[in-house]
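Notes for the one structure printed next.
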Number of protein chains: 2
Amino acid sequence: MITNKNCIIRLSRYKNALYRLQALGFVKVFSDNLADAVGGTASQVRKDFSIFGISGNKKGGYQIDSLLEKLNSILGKDQLHKVIVIGAGHIGSALMRYRGFEKEGIRIVAGFDIDPAKINRSNPVPVLSLEEVKSFIKSNGIRIAILAVPDIAAQSAADLICSSGIKGVLNFAPLRLKNAEGCIINNVNLEIELENLIYFMNVTEKTK
Amino acid sequence: MITNKNCIIRLSRYKNALYRLQALGFVKVFSDNLADAVGGTASQVRKDFSIFGISGNKKGGYQIDSLLEKLNSILGKDQLHKVIVIGAGHIGSALMRYRGFEKEGIRIVAGFDIDPAKINRSNPVPVLSLEEVKSFIKSNGIRIAILAVPDIAAQSAADLICSSGIKGVLNFAPLRLKNAEGCIINNVNLEIELENLIYFMNVTEKTK
DNA sequence: TTATTATTGTGAAAAATAGAACAATATGAT
DNA sequence: ATCATATTGTTCTATTTTTCACAATAATAA
Ligand SMILES: NC(=O)c1ccc[n+]([C@@H]2O[C@H](COP(=O)([O-])OP(=O)(O)OC[C@H]3O[C@@H](n4cnc5c(N)ncnc54)[C@H](O)[C@@H]3O)[C@@H](O)[C@H]2O)c1
Ligand SMILES: NC(=O)c1ccc[n+]([C@@H]2O[C@H](COP(=O)([O-])OP(=O)(O)OC[C@H]3O[C@@H](n4cnc5c(N)ncnc54)[C@H](O)[C@@H]3O)[C@@H](O)[C@H]2O)c1
């Protein structure tokens, strides 16, 4: 089993680059084209493919369409993923209004909030009461949730949705959540992203 | 020079955990407490500290206050960082309204948009015209920008701000930007984050 | 004071990841 | 039909990152 997160991120990048190349009319691609496109080495591209049993043609490179098919299958993109958002505040609303996920086969189907003032059943993405979340998850077979509630509420919200059948959570609250058995929690911590950027800005500055 | 991004992210996590412990009244901490708090191993905590010349006391652990001082200094948190946001749309507005950055010494001082309808000089965080961005960066000594414009506009916006003196960019547009010499661009790609989550959900499901 | 214990700091080992090298081979040229 | 060339697939090598292990030593107890 591949546990290398960076490797999987590269697969996503290859896939995105391939769509761009395809849109430009290209039919085949070489490992060094892909390396250029995502900022890696040709050797790593081939190694990544080799790990997943993807092969091309000696001297002929890779057929973009069949390569995309394989990558999409590995990345689970051969099906639509329904996602819910917990917390319809600033971040939650921005995500619910974002139309860019659809083209990736990711559809935000509903938001949930504890504040009655946030509830709106007639939105393009309806915002429902948190009390309905359990039954919504079960009856719609939802497996993925984005957590965008205040820090203080994040753990209890995570517990609630995981016990309702959610298998993967993308958490925006800047704290480490205890994850329930069988549920993966990934974090998007923007404070830390900025701190990281600042660190590397400072060291490159000093080195120069 | 340390180029290990994960290591720097861990330093941020240690720092955050230390503030929580401090708030709970703790004065000293051991490597295994920190390991528990951030989800790592005690020896990695000590190794991370050792890399940066941070030392504690044999049998006595680490003094939280002096440890925080050192981590904060490494992470550049002994000064306020002024940040601008380019693109006052969904994501940009959410970030500008977010009050959680202040406690991290990160202050969003202005937003910029190309759409006159988005301009609002009386907001708590004013939204100005993109035409003003160059002079704003120079006269306020801004070094960091968050890029939250549509994909199609991202490269030209990045070029503009980097040539105006920005040294670090946190980019939300889901594409790889060519970075100008002397300017670091880090990406927050939520599509890829979700894809990654889906991949690992699927493999753990299959393995189980 | 001396012994015991807990914890650090770090060098060495192991594991994971990336990169280089090159044989194998398909393609296109002559 | 043969040769030259370009590109893959994979093995081998190098680098990076993590973990282990334990001597050094400070704190505490006897
Ligand atoms: N807004 C940002 O730019 C930003 C940046 C970084 C991190 N974050 C983090 O993202 C999270 C959300 O931030 P935000 O700015 O959107 O906050 P927000 O206050 O705007 O929105 C939070 C929403 O969650 C709802 N809520 C509270 N408890 C709930 C519960 N138990 N179940 C469901 N809904 C609940 C609130 O009613 C509110 O609508 C926070 O943890 C914050 O730290 C936000
Ligand atoms: N909203 C989300 O949840 C989300 C999620 C993932 C990625 N993103 C990415 O973040 C970026 C912004 O998304 P959004 O939803 O906030 O878009 P948006 O359309 O709501 O906002 C973009 C803003 O940028 C402004 N703009 C356009 N060109 C500009 C320029 N050259 N300079 C300055 N401002 C300019 C527009 O006027 C608009 O106000 C996009 O690249 C998007 O793909 C957004």
Side-chain angles (χ1 to χ4, degrees), chain A residues 1-14 17-18 21 26-71 74 192 196 199-200 203 207, chain B residues 1-14 17-18 21 26-71 74 196 199-200 203-204 207:
Chain A
M1 195 185 84
I2 280 78
T3 55
N4 182 342
K5 177 163 170 157
N6 285 328
C7 174
I8 307 305
I9 288 178
R10 285 196 299 270
L11 295 191
S12 286
R13 297 209 169 117
Y14 301 146
L18 286 167
L21 290 167
F26 288 92
V27 170
K28 63 180 191 176
V29 70
F30 302 115
S31 55
D32 65 329
N33 305 142
L34 275 174
D36 283 353
V38 310
T41 66
S43 208
Q44 185 163 58
V45 172
R46 296 199 300 275
K47 176 68 88 57
D48 285 339
F49 289 172
S50 156
I51 289 168
F52 289 97
I54 294 174
S55 58
N57 312 292
K58 296 255 159 83
K59 179 136 183 189
Y62 303 83
Q63 288 299 118
I64 291 180
D65 55 1
S66 86
L67 185 49
L68 270 171
E69 237 168 65
K70 285 168 191 153
L71 290 174
I74 292 164
I192 288 186
N196 204 261
Y199 174 85
F200 283 104
V203 292
T207 319
Chain B
M1 195 185 86
I2 280 78
T3 55
N4 183 341
K5 176 162 171 159
N6 285 329
C7 174
I8 308 304
I9 288 177
R10 287 195 298 270
L11 295 191
S12 287
R13 297 209 170 117
Y14 300 147
L18 286 167
L21 290 168
F26 289 93
V27 169
K28 62 179 192 178
V29 70
F30 302 115
S31 56
D32 67 327
N33 303 142
L34 276 174
D36 283 353
V38 309
T41 66
S43 64
Q44 185 162 58
V45 172
R46 297 200 301 276
K47 174 66 71 124
D48 285 340
F49 289 172
S50 154
I51 288 168
F52 289 96
I54 295 174
S55 57
N57 311 293
K58 296 256 159 79
K59 179 137 184 188
Y62 303 84
Q63 287 299 118
I64 290 180
D65 54 2
S66 86
L67 184 49
L68 270 171
E69 238 168 62
K70 285 168 191 154
L71 290 175
I74 292 165
N196 204 261
Y199 174 84
F200 284 103
V203 293
T204 55
T207 318

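Worth saying up front: this structure is predicted, and the values here are computed from it rather than measured. Numbered from 1 within each chain, the chains take letters A, B, ... in sequence-line order.
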- Item | Canonical and wobble pairing (Watson-Crick, G-U, under 3.5 Å) of DNA chain D, dot-bracket with | | ||||||||||||||||||||||||||||||
If every non-hydrogen atom of [X] is compared with every non-hydrogen atom of [Y], which pair is closest and at what distance?
X	Y	value
A:Leu11	A:Phe52	CD1-CE1, 3.6 Å
B:Phe200	A:Thr3	CE2-CA, 4.1 Å
A:Asn4	A:Asn6	OD1-N, 3.0 Å

Min side-chain heavy-atom separation [X]-[Y] under 4.5 Å:
X	Y	result
B:Leu34	B:Phe49	yes
A:Ile64	A:Val27	no
A:Ile2	B:Val203	no

Contacts of [X] that satisfy side chain to side chain contact (heavy atoms under 4.5 Å, CB included) - sequence neighbours left out:
X	result
B:Ala37	B:Ala17
B:Asp32	B:Phe30, B:Ala42
A:Asp65	A:Gln22, A:Gln63

- Message: Within residues 26-37 of chain A, which residues have any heavy atom lying less than 4.0 Å from an atom of DNA chain D?
- Response: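 Under 4.0 Å from DNA chain D: A:Phe30, A:Ser31.
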- Task: First locate atom CG of A:Leu67, then atom OH of A:Tyr62, and finally report the distance between them rounded to the nearest 0.5 Å.
- Result: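 Spacing of CG (A:Leu67) from OH (A:Tyr62) equals 8.0 Å.
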- Could you list all the side chain to side chain donor-acceptor pair (under 3.5 Å) pairs where at least one residue sits in residues 39-49 of chain A, not counting sequence neighbours?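 Found A:Arg10-A:Asp48, A:Tyr14-A:Asp48, A:Ser31-A:Arg46.
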- Message: Please report the distance, rounded to the nearest Å, between NZ in A:Lys59 and C1' in C:dA23.
- Response: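 So the two atoms are 16 Å apart, to the nearest Å.
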- Item | Protein-to-nucleotide contact annotation, 5' to 3' order, nucleotides 9-19 of chain C [B base; S sugar-phosphate only; - none; under 4.0 Å, heavy atom] | BBBB----SBB
Which atom pairs, donor and acceptor, lie under 3.5 Å between side-chain atoms of residues 53-60 of chain B and protein residues at least two apart or in another chain?
residue: B:Asn57; atom: ND2; partner: B:Gly61; partner atom: O; Å: 3.3

- Task: Would you grab the first and last nucleotide of DNA chain D (5' to 3') that comes under 4.0 Å of any non-hydrogen atom in chain A?
- Result: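 For DNA chain D, the relevant span reads D:dT5 to D:dT11.
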